[in-house]
Amino acid sequence: MKIAVGSDHAGYEMKKFVLSWLERHGYDFEDMGPYSEESVDYPDYARKVAESVAHAKFDQGILMCGTGIGVSIAANKVPGVRAALACSPEFAALARQHNNANVLCFSARFNDFETAGRILESWFGSEFEGGRHQRRVDKIEPCC
Ligand code: RB5
């Protein structure tokens, strides 16, 4: 399982937490930036992570920005990406179980590290359930 991780400046500190969490839990990951708190544009990093997942260089992605909204909108523009904005550990689990989401997005400004850790545990602890959810997920892909 290879994970691509990115953020913007607002998510920079939270990204550091996520990287250390992934390391502690034995995941193979790559930090796709940014590498400082200097102001950047979230779509640049969202696209980088999303394309790496869409091109199967990574299995999943994790993105953070202030709200998580910007990175999720941007990541979902990349065909093949199902980016889910998880506002709680329960959302993270359901995003995997029902939506087979392949990019986890969450807010760096409205979550503390403790909640972020629970979101990550929930995401990685949940599997896609398939069945009727597969049919629905198949209908998401662009038709043209
Ligand atoms: C940056 O200030 C902020 O707009 C960004 O991190 C994000 O929340 C956008 O959706």
Side-chain angles (χ1 to χ4, degrees), residues 1-129 133-134 136-144:
M1 171 84 89
K2 286 183 72 181
I3 318 291
V5 188
S7 72
D8 69 354
H9 52 285
Y12 178 72
E13 282 300 321
M14 183 61 88
K15 177 164 64 65
K16 287 206 288 193
F17 170 80
V18 168
L19 297 174
S20 72
W21 190 97
L22 291 171
E23 189 159 34
R24 274 203 311 283
H25 289 79
Y27 288 96
D28 187 5
F29 61 87
E30 188 172 316
D31 178 3
M32 298 202 159
Y35 306 110
S36 79
E37 270 180 313
E38 194 183 321
S39 183
V40 293
D41 299 332
Y42 62 81
D44 297 335
Y45 296 89
R47 186 174 305 114
K48 211 169 161 183
V49 167
E51 285 179 348
S52 77
V53 173
H55 299 155
K57 292 185 183 131
F58 289 83
D59 301 295
Q60 293 183 356
I62 302 177
L63 285 165
M64 293 130 282
C65 64
T67 57
I69 295 171
V71 287
S72 60
I73 292 172
N76 275 317
K77 295 292 180 191
V78 177
V81 166
R82 292 175 301 281
L85 173 55
C87 300
S88 67
E90 292 78 9
F91 275 40
L94 286 165
R96 290 289 305 124
Q97 291 164 353
H98 289 193
N99 312 112
N100 200 14
N102 50 13
V103 176
L104 167 66
C105 303
F106 66 93
S107 166
R109 287 187 175 147
F110 294 91
N111 287 299
D112 55 21
F113 291 155
E114 196 268 331
T115 310
R118 289 195 294 116
I119 287 173
L120 291 167
E121 269 167 33
S122 198
W123 172 267
F124 287 110
S126 305
E127 288 291 329
F128 182 47
E129 290 175 359
H133 302 297
Q134 183 66 62
R136 293 162 184 167
V137 167
D138 289 344
K139 290 183 177 182
I140 294 173
E141 289 306 306
C143 59
C144 44

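Hydrogens, waters and symmetry mates play no part in the numbers below; they use all other heavy atoms, side chains included. Note that ligands are numbered from 1 as they come in the structure, with each ligand's atoms numbered from 1 the same way.
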Exercise for the section: Taking T115 for its side chain and N111 for its backbone only, find out whether a donor-acceptor pair lies under 3.5 Å. Expected result: no

For ligand 1, run through the N/O pairs with the protein that fall under 3.5 Å and put one pair on each line.
| from | atom 1 | to | atom 2 | distance (Å) |
| --- | --- | --- | --- | --- |
| ligand 1 | 6 (O) | D8 | OD2 | 2.6 |
| ligand 1 | 6 (O) | G66 | N | 2.7 |
| ligand 1 | 8 (O) | G66 | N | 3.2 |
| ligand 1 | 8 (O) | T67 | N | 3.0 |
| ligand 1 | 8 (O) | T67 | OG1 | 3.3 |
| ligand 1 | 10 (O) | T67 | OG1 | 3.4 |
| ligand 1 | 10 (O) | G70 | N | 2.9 |

Handout entry: Heavy-atom neighbours of F17 CZ exceed 12 at 6.0 Å
Key = yes

Completion exercise
Value for CG (L120) from CD1 (I62), rounded to nearest 0.5 Å, stands at 5.5 Å

Practice task
Kindly state each residue pair satisfying salt bridge (charged side-chain N to carboxylate O under 4.0 Å, His left out) with at least one member in residues 93-118, sequence neighbours excluded.
Solution key: E114-R118

Practice task
Go through the side-chain N and O atoms of W123 and Q60 and say whether any donor and acceptor fall under 3.5 Å apart.
Solution key: yes

Problem - Ring-ring centroid check F58 F29, cutoff 6.0 Å - result: no

